Amino acid sequence: MDEPLYYGDYLQLDALLSAQRLESARDGAAVHDEMLFIIVHQAYELWFKQILWELDEVRAIFSRDRVDESDMGRVVALLHRITEIQKVLLQQISVLETMTPLDFLDFRDHLFPASGFQSVQFRMVENKLGVRVGDRLRLAGAAYTARFDEDDRLVVERAEHEPSLHDLVEAWLERTPFLELGDFDFWEAYRKAVLGMLDHDRAVVEQNPNLTEEERAEQLAGFEQTYAHNEAVFDEAKHKALVASGERRFSYRAFQAALFITLYRDQPALHDGNRVLTLLMDIDEGFTTWRHRHALMALRMIGRRVGTGGSAGFAYLSRSAEKSRVFTDLFNLATFLIPRSARPMLPPEVAATMRFRFEE
């Protein structure tokens, strides 16, 4: 008969609780706050492992040629779990900030040249989400993998070539079935609605008796720019050019589908899809916020000093927060939304396919 499972053995607490080795103690004078520094960063790595575990499951679901509706609830739950973990990551910064800059200086010199830049798991999280190599900042003129040893560098670079969540979601969006159904063409109907709304707004400006001629001319000139901006949305070649330049990432079809899901999010068949898009933005925003907080903490702790890994410290971390965003196309959808009252009415046969029905 097997021995009964014991709590400490199950969690391997002997190994876990003996994994805090103070570098300051090796020189004969242990610095009290180094223990906090180690435990917070070890906790980060445990949470990164959990995030990778969730991301791999979500990526596995989206990698299928057809994502079953019954799996969408699981995707939503796992992405939501990641957002909750991100809240813990932010709270840990507050715990770390109970250590003062003077406390940190007491052991900082013992850390060189180790650095958070050498977190293999966090770089894998970024790669699996979809941070592109070309979007990464150079680290003192070198690639972001330059601070890894050979084995870790290969692991991180291998993750660069795996299908990212961004790319898998893009492929899933491209398969959205409701954009053309029967005689309904969402993109053409949306185009007419947008241009009709702009024509109406322009007429209001032209006929407004309270505007001076100078004010009217200024507002109409602004309308010309708005028209040009919106016309570009309906030009696939211009969209591809924006993708090629890096300003957009989603394909033309995926962009249309994301906009359709967002506009008609109230339709039952789109509830989970809209929740997925919202959670992807939440995750992107969560890591951006965490990076900004990390940058501010670095400024608070070391000022304008160079980081232990050789970076420009605060300046590098602050710029990296913006460069490392993945789902910017989803954030930009708000630019192209129109009021519910102006959006094209779905034909009854299209609306019927998007509803839940129960018949005895």
Side-chain angles (χ1 to χ4, degrees), residues 10-12 15-16 41-90 92 116-136 144-145 148-175 249-251 254 258 272-291 320 324-330:
Y10 177 62
L11 296 179
Q12 299 188 51
L16 185 65
H41 285 81
Q42 287 179 337
Y44 273 135
E45 292 297 331
L46 286 172
W47 286 123
F48 293 158
K49 182 173 184 176
Q50 187 66 41
I51 290 173
L52 286 169
W53 185 255
E54 311 302 352
L55 279 177
D56 284 344
E57 179 71 7
V58 172
R59 288 165 61 242
I61 293 172
F62 274 119
S63 66
R64 301 167 190 161
D65 292 336
R66 179 180 178 276
V67 179
D68 194 280
E69 290 178 3
S70 63
D71 287 326
M72 289 302 292
R74 179 161 177 75
V75 167
V76 167
L78 297 179
L79 293 178
H80 175 66
R81 180 178 293 167
I82 292 174
T83 67
E84 292 300 313
I85 293 172
Q86 289 178 315
K87 294 175 185 178
V88 178
L89 300 184
L90 278 169
Q92 287 187 184
F117 293 122
Q118 295 167 329
S119 172
V120 173
Q121 290 195 117
F122 186 65
R123 294 311 181 196
M124 289 178 67
V125 167
E126 292 179 324
N127 288 340
K128 291 188 178 192
L129 279 173
V131 175
R132 298 173 295 190
V133 175
D135 290 334
R136 292 186 180 277
Y144 79 104
T145 54
F148 292 120
D149 64 28
E150 182 66 13
D151 290 340
D152 285 346
R153 182 181 63 79
L154 292 174
V155 169
V156 173
E157 289 179 348
R158 192 178 304 123
E160 294 174 359
H161 302 291
E162 296 178 10
S164 71
L165 182 57
H166 177 280
D167 295 340
L168 293 169
V169 168
E170 178 185 50
W172 168 72
L173 285 169
E174 289 172 345
R175 300 193 297 269
R249 290 193 63 174
F250 278 153
S251 68
D272 282 342
N274 179 67
R275 189 76 181 115
V276 166
L277 299 185
T278 300
L279 284 165
L280 292 174
M281 287 189 285
D282 290 343
I283 290 171
D284 217 2
E285 185 175 326
F287 277 126
T288 300
T289 302
W290 181 75
R291 290 184 182 99
S320 178
S324 300
R325 293 173 62 192
V326 176
F327 294 98
T328 52
D329 285 353
L330 294 179

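All values derive from a computational prediction rather than experimental measurement.
Atom CG of residue Asp167 and atom CG of residue Leu129 lie 11.5 Å apart, to the nearest 0.5 angstrom. One distance of note links CH2 of Trp172 with OG of Ser63; it measures 14.5 Å at 0.5 Å rounding. The structure places CG of Leu280 at 12.0 Å from CG of Asp329, a figure rounded to the nearest 0.5 Å. One finds the CD1 atom of Ile61 at 11.5 Å from the CG atom of Asp56 (value rounded to the nearest 0.5 Å). Atom CD1 in Ile283 sits 11.0 Å away from atom OG1 in Thr278 (nearest 0.5 Å). We find the CG-CD1 distance between Leu52 and Ile82 to be 9.0 Å, quoted to the nearest 0.5 Å.
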For Gln118 and Asp152: C-alpha separation, side-chain torsions, deciding distance, then whether side chain to side chain contact (heavy atoms under 4.5 Å, CB included) applies. CA-CA 9 Å; Gln118 295 167 329; Asp152 285 346; over 6 Å; no

Take Lys128 and Leu165 through the test side chain to side chain contact (heavy atoms under 4.5 Å, CB included) and record every step on the way to the result. CA-CA 6 Å; Lys128 291 188 178 192; Leu165 182 57; over 6 Å; no

Check step by step if side chain to side chain contact (heavy atoms under 4.5 Å, CB included) holds for Gln92 and Tyr44. CA-CA 8 Å; Gln92 287 187 184; Tyr44 273 135; 3.3 Å; yes

List the steps and the verdict of side chain to side chain contact (heavy atoms under 4.5 Å, CB included) for Val133 and Glu157. CA-CA 10 Å; Val133 175; Glu157 289 179 348; over 6 Å; no

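The two atoms that bring Gly130 and Val326 nearest to each other are C-CG2, 3.9 Å, heavy atoms only. Of all heavy-atom pairs spanning Phe48 and Val125, the tightest one is O-CG2, 4.1 Å. Phe287 approaches Leu89 most closely through the heavy-atom pair CE2-CD1, 4.2 Å. Here the shortest heavy-atom pairing between Phe62 and Val276 reads CZ-CG1, 4.2 Å.
With hydrogens and angles ignored, the 3.5 Å screen pairs a side-chain donor or acceptor of Thr83 with a backbone N or O of His80. Although no hydrogens or angles enter the test, the distance criterion places no donor-acceptor pair under 3.5 Å between the side chain of Arg59 and the main chain of Leu168. In terms of modelled atom types and a separation under 3.5 Å, the side chain of Asn127 and the main chain of Val156 share a donor-acceptor contact.
For the pair Phe117 and Phe122, the minimum side-chain heavy-atom distance is 4.5 Å or more. Proximity of Arg325 to Thr328: side-chain heavy atoms (C-beta onward) are separated by under 4.5 Å at one or more points.
Figure legend: cation-pi geometry between Arg136 and Tyr144, with NZ or CZ positioned under 6.0 Å from the six-membered ring centre and within 45° of its axis.
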Side-chain donor-acceptor pairs under 3.5 Å in residues 70-79, sequence neighbours left out?
from, atom 1, to, atom 2, distance (Å)
Ser70, OG, Asp68, OD1, 2.6
Asp71, OD2, Arg64, NH1, 2.5
Arg74, NE, Glu57, OE2, 3.4

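Between Phe250 and His166, the ring planes are parallel. Angles under 30° get that label, and only those over 60° would be called perpendicular.
Salt bridge status for Arg132 with Asp135: present, with a side-chain N to carboxylate O gap under 4.0 Å. Salt bridge status for Arg249 with Glu170: absent, with no side-chain N to carboxylate O gap under 4.0 Å. Salt bridge Glu45/Lys49: absent, no basic N to carboxylate O contact under 4.0 Å. A salt bridge is absent between Glu84 and Arg81; no separation between the charged side-chain nitrogens and carboxylate oxygens falls under 4.0 Å. Salt-bridge formation is detected for the pair Glu126/Arg291: a Lys NZ or Arg NE/NH1/NH2 atom is positioned less than 4.0 Å from an Asp or Glu carboxylate oxygen.
Counted within 6.0 Å of CD on Gln12, heavy atoms from surrounding residues, nucleotides or ligands total 12 or fewer; the atom is thus considered open.
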